[in-house]
2 protein chains.
Amino acid sequence: MAEQYFKTFIEHLRETIELTTSDIDKILEVVEIVKLKRKEFLLTPGQPSRHMRFIAEGSARSYYLDENSQEHTLQIGIENWWINDLYSFLTQKDSQMYIQAIESAVILQISQSNLEKLYREVPEVSTFFRIKIQNAYVALQERMIENLSAEVYIRYQKFIKDYRDIEQRVPQYIVASYLGVTPEFLSYLKKKHL
Amino acid sequence: MAEQYFKTFIEHLRETIELTTSDIDKILEVVEIVKLKRKEFLLTPGQPSRHMRFIAEGSARSYYLDENSQEHTLQIGIENWWINDLYSFLTQKDSQMYIQAIESAVILQISQSNLEKLYREVPEVSTFFRIKIQNAYVALQERMIENLSAEVYIRYQKFIKDYRDIEQRVPQYIVASYLGVTPEFLSYLKKKHL
DNA sequence: AGTATTTCTTAAGTTATCTTAAGAACCAGG
DNA sequence: CCTGGTTCTTAAGATAACTTAAGAAATACT
(Lines give C-alpha, C1' and ligand atoms only; values in the text may rest on other atoms or scores of the structure.)
Protein backbone atom coordinates (compact mmCIF):
# COMPACT_ATOMS: atom_id res chain seq x y z
CA MET A 1 0.00 0.00 0.00
CA ALA A 2 3.00 2.26 0.44
CA GLU A 3 3.47 1.55 -3.25
CA GLN A 4 0.35 3.45 -4.13
CA TYR A 5 1.47 6.48 -2.15
CA PHE A 6 4.82 6.47 -3.91
CA LYS A 7 3.19 6.17 -7.29
CA THR A 8 0.94 9.17 -6.68
CA PHE A 9 3.87 11.13 -5.31
CA ILE A 10 5.98 10.51 -8.41
CA GLU A 11 3.08 11.42 -10.65
CA HIS A 12 2.79 14.64 -8.71
CA LEU A 13 6.46 15.46 -9.28
CA ARG A 14 6.13 14.62 -12.95
CA GLU A 15 3.47 17.27 -13.39
CA THR A 16 6.26 19.80 -12.95
CA ILE A 17 9.57 18.14 -13.86
CA GLU A 18 10.86 15.23 -15.96
CA LEU A 19 12.28 12.21 -14.17
CA THR A 20 14.07 9.06 -15.34
CA THR A 21 13.49 5.76 -13.57
CA SER A 22 16.91 6.10 -11.97
CA ASP A 23 15.94 9.55 -10.68
CA ILE A 24 12.85 8.00 -9.18
CA ASP A 25 14.88 5.36 -7.38
CA LYS A 26 17.07 8.04 -5.88
CA ILE A 27 14.07 10.00 -4.73
CA LEU A 28 12.15 7.11 -3.19
CA GLU A 29 15.24 6.08 -1.30
CA VAL A 30 14.96 9.18 0.89
CA VAL A 31 11.19 9.42 1.28
CA GLU A 32 9.85 8.57 4.72
CA ILE A 33 6.26 7.63 5.46
CA VAL A 34 4.52 9.03 8.51
CA LYS A 35 1.02 8.00 9.56
CA LEU A 36 -1.05 10.26 11.75
CA LYS A 37 -4.34 9.98 13.53
CA ARG A 38 -6.85 12.80 13.57
CA LYS A 39 -5.42 15.76 15.55
CA GLU A 40 -1.92 14.31 15.85
CA PHE A 41 0.99 16.70 15.35
CA LEU A 42 3.77 16.56 12.79
CA LEU A 43 5.48 19.67 14.08
CA THR A 44 5.10 21.73 17.23
CA PRO A 45 6.57 25.10 18.22
CA GLY A 46 10.13 25.37 19.50
CA GLN A 47 11.96 23.29 16.90
CA PRO A 48 12.94 24.00 13.31
CA SER A 49 10.99 22.31 10.55
CA ARG A 50 13.43 19.80 9.10
CA HIS A 51 11.31 18.18 6.40
CA MET A 52 9.43 18.92 3.24
CA ARG A 53 6.08 17.24 3.73
CA PHE A 54 3.60 15.93 1.21
CA ILE A 55 0.08 14.83 2.10
CA ALA A 56 -0.49 11.45 0.50
CA GLU A 57 -3.81 10.82 2.21
CA GLY A 58 -6.12 12.72 4.55
CA SER A 59 -5.82 16.37 5.44
CA ALA A 60 -3.66 18.62 7.56
CA ARG A 61 -3.17 22.22 8.47
CA SER A 62 -0.53 24.54 9.87
CA TYR A 63 -1.48 27.09 12.50
CA TYR A 64 -0.04 29.14 15.32
CA LEU A 65 -1.32 30.69 18.53
CA ASP A 66 -1.15 34.45 19.02
CA GLU A 67 -0.55 36.18 22.36
CA ASN A 68 -4.22 35.71 23.26
CA SER A 69 -4.05 32.00 22.43
CA GLN A 70 -6.19 32.52 19.36
CA GLU A 71 -5.52 29.98 16.63
CA HIS A 72 -4.62 31.27 13.19
CA THR A 73 -4.55 28.76 10.39
CA LEU A 74 -1.91 29.52 7.78
CA GLN A 75 -2.42 26.58 5.48
CA ILE A 76 -4.98 23.84 4.95
CA GLY A 77 -4.19 20.91 2.68
CA ILE A 78 -5.51 17.60 1.42
CA GLU A 79 -4.03 14.82 -0.74
CA ASN A 80 -1.32 16.00 -3.12
CA TRP A 81 -0.66 19.24 -1.29
CA TRP A 82 2.54 20.12 0.44
CA ILE A 83 2.29 21.27 4.02
CA ASN A 84 5.05 22.90 6.00
CA ASP A 85 6.24 25.91 7.90
CA LEU A 86 8.29 27.09 4.96
CA TYR A 87 9.47 30.05 6.99
CA SER A 88 11.12 27.78 9.52
CA PHE A 89 12.33 25.27 6.95
CA LEU A 90 14.03 27.95 4.87
CA THR A 91 15.53 29.93 7.74
CA GLN A 92 16.11 26.96 10.06
CA LYS A 93 14.83 29.07 12.90
CA ASP A 94 12.59 27.44 15.47
CA SER A 95 9.08 27.16 14.20
CA GLN A 96 6.19 28.86 15.99
CA MET A 97 3.73 26.63 14.22
CA TYR A 98 1.76 23.49 14.74
CA ILE A 99 1.31 21.15 11.82
CA GLN A 100 -1.59 18.91 12.62
CA ALA A 101 -3.58 16.19 10.92
CA ILE A 102 -7.22 17.20 10.53
CA GLU A 103 -8.48 13.81 9.37
CA SER A 104 -6.18 10.83 9.83
CA ALA A 105 -3.42 11.25 7.32
CA VAL A 106 -0.43 9.75 5.57
CA ILE A 107 2.52 12.06 5.00
CA LEU A 108 5.52 11.52 2.77
CA GLN A 109 8.49 13.53 3.90
CA ILE A 110 12.09 14.22 2.94
CA SER A 111 14.56 15.55 5.46
CA GLN A 112 16.55 18.63 4.74
CA SER A 113 19.88 16.82 4.61
CA ASN A 114 18.53 14.19 2.26
CA LEU A 115 16.98 16.89 0.15
CA GLU A 116 20.30 18.62 -0.26
CA LYS A 117 21.89 15.36 -1.30
CA LEU A 118 19.03 14.83 -3.72
CA TYR A 119 19.50 18.29 -5.23
CA ARG A 120 23.02 17.24 -6.22
CA GLU A 121 22.02 13.84 -7.57
CA VAL A 122 18.80 14.93 -9.28
CA PRO A 123 18.99 18.66 -10.03
CA GLU A 124 15.47 18.62 -11.39
CA VAL A 125 14.26 18.23 -7.82
CA SER A 126 15.81 21.58 -7.04
CA THR A 127 13.86 23.11 -9.93
CA PHE A 128 10.73 21.49 -8.57
CA PHE A 129 11.04 23.16 -5.19
CA ARG A 130 12.10 26.48 -6.65
CA ILE A 131 8.85 26.50 -8.60
CA LYS A 132 6.87 25.36 -5.57
CA ILE A 133 8.28 28.18 -3.47
CA GLN A 134 7.51 30.69 -6.19
CA ASN A 135 3.96 29.40 -6.33
CA ALA A 136 3.71 29.59 -2.57
CA TYR A 137 4.81 33.21 -2.71
CA VAL A 138 2.27 34.00 -5.40
CA ALA A 139 -0.53 32.33 -3.46
CA LEU A 140 0.44 34.11 -0.26
CA GLN A 141 0.46 37.49 -1.97
CA GLU A 142 -2.98 36.81 -3.39
CA ARG A 143 -4.25 35.95 0.06
CA MET A 144 -2.61 39.02 1.58
CA ILE A 145 -4.30 41.23 -0.99
CA GLU A 146 -7.68 39.66 -0.36
CA ASN A 147 -7.32 40.02 3.37
CA LEU A 148 -6.52 43.68 3.00
CA SER A 149 -9.28 44.45 0.53
CA ALA A 150 -12.31 42.27 0.88
CA GLU A 151 -14.86 41.78 3.60
CA VAL A 152 -15.03 38.48 5.39
CA TYR A 153 -18.08 37.15 3.62
CA ILE A 154 -16.58 37.83 0.20
CA ARG A 155 -13.43 36.01 1.29
CA TYR A 156 -15.53 33.14 2.56
CA GLN A 157 -17.35 32.87 -0.75
CA LYS A 158 -14.05 32.87 -2.61
CA PHE A 159 -12.77 30.21 -0.26
CA ILE A 160 -15.65 27.80 -0.85
CA LYS A 161 -15.46 28.48 -4.58
CA ASP A 162 -11.72 27.80 -4.79
CA TYR A 163 -11.61 24.99 -2.23
CA ARG A 164 -15.02 23.37 -2.15
CA ASP A 165 -13.46 19.93 -1.62
CA ILE A 166 -11.49 21.21 1.35
CA GLU A 167 -14.37 23.15 2.82
CA GLN A 168 -16.49 20.02 2.94
CA ARG A 169 -13.94 18.00 4.86
CA VAL A 170 -12.75 20.54 7.38
CA PRO A 171 -14.49 21.85 10.50
CA GLN A 172 -15.83 25.32 10.12
CA TYR A 173 -13.83 26.76 12.98
CA ILE A 174 -10.69 25.98 11.02
CA VAL A 175 -12.03 27.79 8.00
CA ALA A 176 -12.86 30.72 10.26
CA SER A 177 -9.36 30.79 11.68
CA TYR A 178 -8.00 30.67 8.12
CA LEU A 179 -10.15 33.62 7.12
CA GLY A 180 -9.10 35.47 10.25
CA VAL A 181 -12.41 35.68 12.12
CA THR A 182 -14.08 34.03 15.07
CA PRO A 183 -16.22 30.95 14.39
CA GLU A 184 -19.19 32.77 15.91
CA PHE A 185 -18.90 35.57 13.41
CA LEU A 186 -18.63 33.20 10.45
CA SER A 187 -21.69 31.39 11.69
CA TYR A 188 -23.54 34.69 11.95
CA LEU A 189 -22.54 35.68 8.42
CA LYS A 190 -23.72 32.39 6.95
CA LYS A 191 -27.12 32.83 8.51
CA LYS A 192 -27.38 36.45 7.49
CA HIS A 193 -26.69 35.65 3.83
CA LEU A 194 -29.05 32.70 3.52
CA MET B 1 27.34 59.45 -11.64
CA ALA B 2 25.81 56.28 -13.03
CA GLU B 3 29.10 54.75 -11.92
CA GLN B 4 28.23 55.26 -8.29
CA TYR B 5 24.86 53.55 -8.73
CA PHE B 6 26.54 50.59 -10.41
CA LYS B 7 29.11 50.35 -7.68
CA THR B 8 26.48 50.25 -4.93
CA PHE B 9 24.48 47.74 -6.93
CA ILE B 10 27.41 45.36 -7.28
CA GLU B 11 28.21 45.72 -3.61
CA HIS B 12 24.63 44.78 -2.88
CA LEU B 13 24.89 41.63 -5.01
CA ARG B 14 28.17 40.73 -3.34
CA GLU B 15 26.51 40.66 0.06
CA THR B 16 24.81 37.47 -1.11
CA ILE B 17 26.91 35.91 -3.90
CA GLU B 18 30.49 35.92 -5.15
CA LEU B 19 31.26 37.63 -8.44
CA THR B 20 34.36 37.88 -10.63
CA THR B 21 35.11 41.06 -12.54
CA SER B 22 34.05 39.33 -15.72
CA ASP B 23 30.72 38.42 -14.07
CA ILE B 24 30.30 42.07 -13.18
CA ASP B 25 30.86 43.17 -16.76
CA LYS B 26 28.20 40.75 -17.94
CA ILE B 27 25.77 42.01 -15.34
CA LEU B 28 26.28 45.71 -15.93
CA GLU B 29 25.86 45.18 -19.65
CA VAL B 30 22.16 44.43 -19.11
CA VAL B 31 21.33 46.93 -16.36
CA GLU B 32 19.16 49.85 -17.42
CA ILE B 33 18.86 53.10 -15.49
CA VAL B 34 15.47 54.74 -15.06
CA LYS B 35 15.01 58.12 -13.40
CA LEU B 36 11.68 59.05 -11.90
CA LYS B 37 10.20 62.19 -10.43
CA ARG B 38 8.10 62.10 -7.30
CA LYS B 39 4.83 60.23 -8.00
CA GLU B 40 5.89 58.97 -11.42
CA PHE B 41 5.02 55.38 -12.31
CA LEU B 42 7.31 52.51 -13.19
CA LEU B 43 4.48 50.06 -13.72
CA THR B 44 0.74 50.44 -14.04
CA PRO B 45 -2.05 47.84 -14.12
CA GLY B 46 -2.85 45.93 -17.29
CA GLN B 47 0.64 44.86 -18.33
CA PRO B 48 2.98 42.20 -17.00
CA SER B 49 5.96 43.29 -14.97
CA ARG B 50 8.92 42.57 -17.21
CA HIS B 51 11.80 43.75 -15.03
CA MET B 52 13.52 43.12 -11.75
CA ARG B 53 13.91 46.56 -10.23
CA PHE B 54 16.42 47.85 -7.72
CA ILE B 55 16.10 51.23 -6.01
CA ALA B 56 19.47 52.98 -6.33
CA GLU B 57 18.24 56.30 -4.95
CA GLY B 58 15.03 57.68 -3.49
CA SER B 59 12.01 55.63 -2.52
CA ALA B 60 9.17 53.77 -4.17
CA ARG B 61 6.19 51.63 -3.37
CA SER B 62 3.88 49.12 -4.99
CA TYR B 63 0.16 49.36 -4.42
CA TYR B 64 -3.16 48.41 -5.96
CA LEU B 65 -6.71 49.71 -5.85
CA ASP B 66 -9.50 47.51 -4.54
CA GLU B 67 -13.09 47.53 -5.84
CA ASN B 68 -13.84 50.60 -3.74
CA SER B 69 -10.79 52.40 -5.12
CA GLN B 70 -9.03 52.12 -1.80
CA GLU B 71 -5.26 52.04 -2.10
CA HIS B 72 -3.41 49.14 -0.52
CA THR B 73 0.35 49.38 -0.32
CA LEU B 74 2.09 46.04 -0.69
CA GLN B 75 5.68 47.14 -0.52
CA ILE B 76 7.60 50.27 0.44
CA GLY B 77 11.29 50.54 -0.38
CA ILE B 78 14.26 52.89 -0.25
CA GLU B 79 17.86 52.67 -1.54
CA ASN B 80 19.14 49.11 -1.91
CA TRP B 81 15.72 47.51 -1.82
CA TRP B 82 14.16 45.64 -4.68
CA ILE B 83 10.69 46.69 -5.71
CA ASN B 84 8.42 44.76 -8.03
CA ASP B 85 5.15 43.00 -8.51
CA LEU B 86 6.80 39.62 -8.11
CA TYR B 87 3.46 37.92 -8.64
CA SER B 88 3.19 39.37 -12.13
CA PHE B 89 6.88 38.98 -12.90
CA LEU B 90 6.88 35.30 -11.97
CA THR B 91 3.58 34.39 -13.61
CA GLN B 92 3.82 36.86 -16.48
CA LYS B 93 0.18 37.67 -15.96
CA ASP B 94 -0.92 41.27 -16.27
CA SER B 95 -0.13 43.17 -13.13
CA GLN B 96 -2.86 44.80 -11.08
CA MET B 97 -0.33 46.99 -9.36
CA TYR B 98 1.12 50.43 -9.54
CA ILE B 99 4.80 50.87 -8.82
CA GLN B 100 5.36 54.49 -8.05
CA ALA B 101 8.22 56.70 -6.93
CA ILE B 102 7.48 58.29 -3.55
CA GLU B 103 10.43 60.67 -3.57
CA SER B 104 12.26 61.22 -6.86
CA ALA B 105 14.16 58.04 -7.54
CA VAL B 106 16.74 56.23 -9.59
CA ILE B 107 15.97 52.65 -10.50
CA LEU B 108 18.30 50.00 -11.90
CA GLN B 109 16.43 47.34 -13.78
CA ILE B 110 17.06 44.13 -15.69
CA SER B 111 14.55 42.83 -18.19
CA GLN B 112 13.28 39.30 -17.94
CA SER B 113 14.90 38.18 -21.19
CA ASN B 114 18.26 39.64 -20.22
CA LEU B 115 17.92 38.05 -16.82
CA GLU B 116 17.41 34.63 -18.34
CA LYS B 117 20.48 35.13 -20.49
CA LEU B 118 22.37 36.25 -17.40
CA TYR B 119 21.30 33.15 -15.46
CA ARG B 120 23.08 31.06 -18.09
CA GLU B 121 26.21 33.18 -18.21
CA VAL B 122 26.47 33.86 -14.48
CA PRO B 123 24.63 31.13 -12.58
CA GLU B 124 25.33 32.86 -9.29
CA VAL B 125 22.78 35.46 -10.31
CA SER B 126 20.15 32.75 -10.36
CA THR B 127 21.12 31.80 -6.82
CA PHE B 128 20.86 35.44 -5.83
CA PHE B 129 17.26 35.71 -6.96
CA ARG B 130 16.30 32.35 -5.57
CA ILE B 131 17.43 33.59 -2.19
CA LYS B 132 15.70 36.92 -2.67
CA ILE B 133 12.43 35.20 -3.49
CA GLN B 134 12.76 32.96 -0.46
CA ASN B 135 13.35 36.01 1.69
CA ALA B 136 10.37 37.71 0.13
CA TYR B 137 8.24 34.71 1.01
CA VAL B 138 9.50 34.69 4.56
CA ALA B 139 8.84 38.41 4.98
CA LEU B 140 5.38 38.11 3.50
CA GLN B 141 4.46 35.26 5.82
CA GLU B 142 5.64 37.30 8.78
CA ARG B 143 3.47 40.18 7.68
CA MET B 144 0.49 37.91 7.09
CA ILE B 145 0.81 36.51 10.59
CA GLU B 146 1.03 39.95 12.13
CA ASN B 147 -1.98 41.15 10.21
CA LEU B 148 -4.00 38.22 11.41
CA SER B 149 -2.92 38.45 15.03
CA ALA B 150 -2.08 41.92 16.17
CA GLU B 151 -4.04 45.10 16.57
CA VAL B 152 -3.26 48.04 14.35
CA TYR B 153 -1.37 50.06 16.89
CA ILE B 154 0.92 47.15 17.71
CA ARG B 155 1.57 46.69 14.02
CA TYR B 156 2.29 50.38 13.69
CA GLN B 157 4.80 50.27 16.54
CA LYS B 158 6.52 47.29 14.98
CA PHE B 159 6.60 49.13 11.67
CA ILE B 160 8.31 52.22 13.04
CA LYS B 161 10.70 50.05 15.01
CA ASP B 162 11.68 47.93 12.00
CA TYR B 163 11.58 50.72 9.43
CA ARG B 164 12.23 53.97 11.24
CA ASP B 165 14.22 55.30 8.27
CA ILE B 166 11.36 54.54 5.91
CA GLU B 167 8.71 55.88 8.21
CA GLN B 168 10.42 59.24 8.36
CA ARG B 169 10.55 59.68 4.61
CA VAL B 170 7.13 58.46 3.62
CA PRO B 171 3.75 60.17 3.99
CA GLN B 172 1.63 58.74 6.74
CA TYR B 173 -1.26 57.81 4.50
CA ILE B 174 1.06 55.37 2.74
CA VAL B 175 2.02 53.79 6.03
CA ALA B 176 -1.69 53.54 6.86
CA SER B 177 -2.43 51.83 3.55
CA TYR B 178 0.46 49.44 4.23
CA LEU B 179 -0.94 48.59 7.65
CA GLY B 180 -4.39 48.15 6.16
CA VAL B 181 -6.25 50.99 7.86
CA THR B 182 -7.58 54.41 6.94
CA PRO B 183 -5.30 57.40 7.47
CA GLU B 184 -7.91 58.91 9.78
CA PHE B 185 -7.81 55.89 12.04
CA LEU B 186 -4.03 55.86 12.21
CA SER B 187 -4.10 59.53 13.09
CA TYR B 188 -6.63 58.81 15.82
CA LEU B 189 -4.50 56.00 17.24
CA LYS B 190 -1.39 58.14 17.36
CA LYS B 191 -3.18 60.80 19.34
CA LYS B 192 -4.78 58.29 21.65
CA HIS B 193 -1.42 56.73 22.55
CA LEU B 194 0.47 59.98 23.15
C1' DA C 1 -26.46 1.83 18.76
C1' DG C 2 -25.11 4.87 22.71
C1' DT C 3 -22.32 8.15 24.92
C1' DA C 4 -18.68 11.47 25.14
C1' DT C 5 -16.61 14.80 22.64
C1' DT C 6 -16.43 18.10 19.27
C1' DT C 7 -18.43 21.52 16.55
C1' DC C 8 -21.98 24.93 15.41
C1' DT C 9 -25.45 28.37 16.41
C1' DT C 10 -27.76 32.24 18.76
C1' DA C 11 -28.03 36.42 21.03
C1' DA C 12 -26.78 40.42 23.84
C1' DG C 13 -23.47 43.66 24.92
C1' DT C 14 -18.80 45.68 23.59
C1' DT C 15 -14.91 47.41 20.96
C1' DA C 16 -12.36 48.34 16.69
C1' DT C 17 -12.47 50.39 12.59
C1' DC C 18 -14.65 53.03 8.80
C1' DT C 19 -17.07 57.13 6.53
C1' DT C 20 -17.71 61.73 5.78
C1' DA C 21 -16.63 66.33 6.01
C1' DA C 22 -14.11 70.19 7.01
C1' DG C 23 -10.39 72.89 8.52
C1' DA C 24 -5.35 73.12 9.78
C1' DA C 25 -0.65 72.26 8.86
C1' DC C 26 2.83 71.30 5.84
C1' DC C 27 5.70 71.30 1.79
C1' DA C 28 7.19 71.45 -3.25
C1' DG C 29 8.28 74.05 -6.90
C1' DG C 30 8.09 78.31 -9.33
C1' DC D 1 9.08 83.63 -0.04
C1' DC D 2 4.46 82.69 -2.13
C1' DT D 3 1.06 79.81 -3.42
C1' DG D 4 -1.23 75.66 -4.81
C1' DG D 5 -1.33 71.30 -3.85
C1' DT D 6 -0.73 67.60 -0.54
C1' DT D 7 -1.07 65.58 3.82
C1' DC D 8 -2.77 65.38 8.55
C1' DT D 9 -6.13 65.98 12.17
C1' DT D 10 -10.66 66.09 14.46
C1' DA D 11 -15.09 64.64 15.47
C1' DA D 12 -19.65 62.57 14.95
C1' DG D 13 -22.26 58.90 13.43
C1' DA D 14 -22.26 54.20 11.32
C1' DT D 15 -20.87 49.35 10.71
C1' DA D 16 -17.97 45.25 11.16
C1' DA D 17 -16.17 42.16 14.05
C1' DC D 18 -15.36 40.38 18.79
C1' DT D 19 -16.60 38.34 23.56
C1' DT D 20 -19.13 35.58 26.44
C1' DA D 21 -22.17 32.13 27.55
C1' DA D 22 -25.18 28.55 26.82
C1' DG D 23 -27.79 25.25 24.41
C1' DA D 24 -28.30 22.44 20.01
C1' DA D 25 -26.47 19.57 16.55
C1' DA D 26 -23.22 16.62 14.64
C1' DT D 27 -19.65 13.24 14.85
C1' DA D 28 -16.21 9.88 16.63
C1' DC D 29 -15.26 5.95 19.02
C1' DT D 30 -16.44 1.92 21.93
Taking the side chain of [X] as its heavy atoms from C-beta onward, which of [options] lies nearest to it?
| X | options | result |
| --- | --- | --- |
| A:R38 | D:dA17, C:dT7, C:dT17 | C:dT7 |
| A:K39 | C:dT19, C:dT7, D:dT10 | C:dT7 |
| A:E184 | D:dT19, C:dA21, D:dT6 | D:dT19 |
| B:Q70 | C:dA28, C:dT19, C:dT7 | C:dT19 |

Pairwise side-chain contact, A:F54 with A:Y5, heavy-atom cut-off 4.5 Å (strictly under)
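Of all side-chain heavy-atom pairs linking A:Y5 with A:F54, none is under 4.5 Å.
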[X] [atom1] - [N] [atom2] separation (whole Å):
| X | N | atom1 | atom2 | answer |
| --- | --- | --- | --- | --- |
| B:L189 | C:dC18 | CG | C1' | 12 Å |
| A:L186 | C:dT7 | CG | P | 15 Å |
| B:K191 | D:dT10 | NZ | P | 4 Å |
| A:H193 | C:dT9 | NE2 | P | 15 Å |
| B:Y173 | C:dC26 | OH | P | 18 Å |
| B:I154 | C:dA16 | CD1 | P | 11 Å |
| A:F185 | D:dT20 | CZ | P | 17 Å |
| A:K190 | C:dT9 | NZ | C1' | 10 Å |

Give a yes/no on whether any side-chain N or O of [X] is located under 4.0 angstrom from OP1 or OP2 of [N].
| X | N | result |
| --- | --- | --- |
| A:T182 | D:dC18 | yes |
| B:Q172 | D:dT6 | no |
| A:K192 | C:dT10 | no |

Between A:K117 and A:E29, does any NZ, NE, NH1 or NH2 come within less than 4.0 Å of an OD or OE carboxylate oxygen?
no
Measure the OG-CD distance between B:S149 and A:E71 for me, rounded to the nearest 0.5 Å.
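Rounded to the nearest 0.5 Å, the OG-CD separation comes out at 12.5 Å.
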Please check if the distance between the ring centroids of A:F9 and A:F6 is under 6.0 Å.
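Between A:F9 and A:F6, the centre distance exceeds or equals 6.0 Å.
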Would one find more than 12 heavy atoms of other residues, nucleotides or ligands at under 6.0 Å from atom CD of B:E103?
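It does: B:E103 CD has more than 12 such atoms within range.
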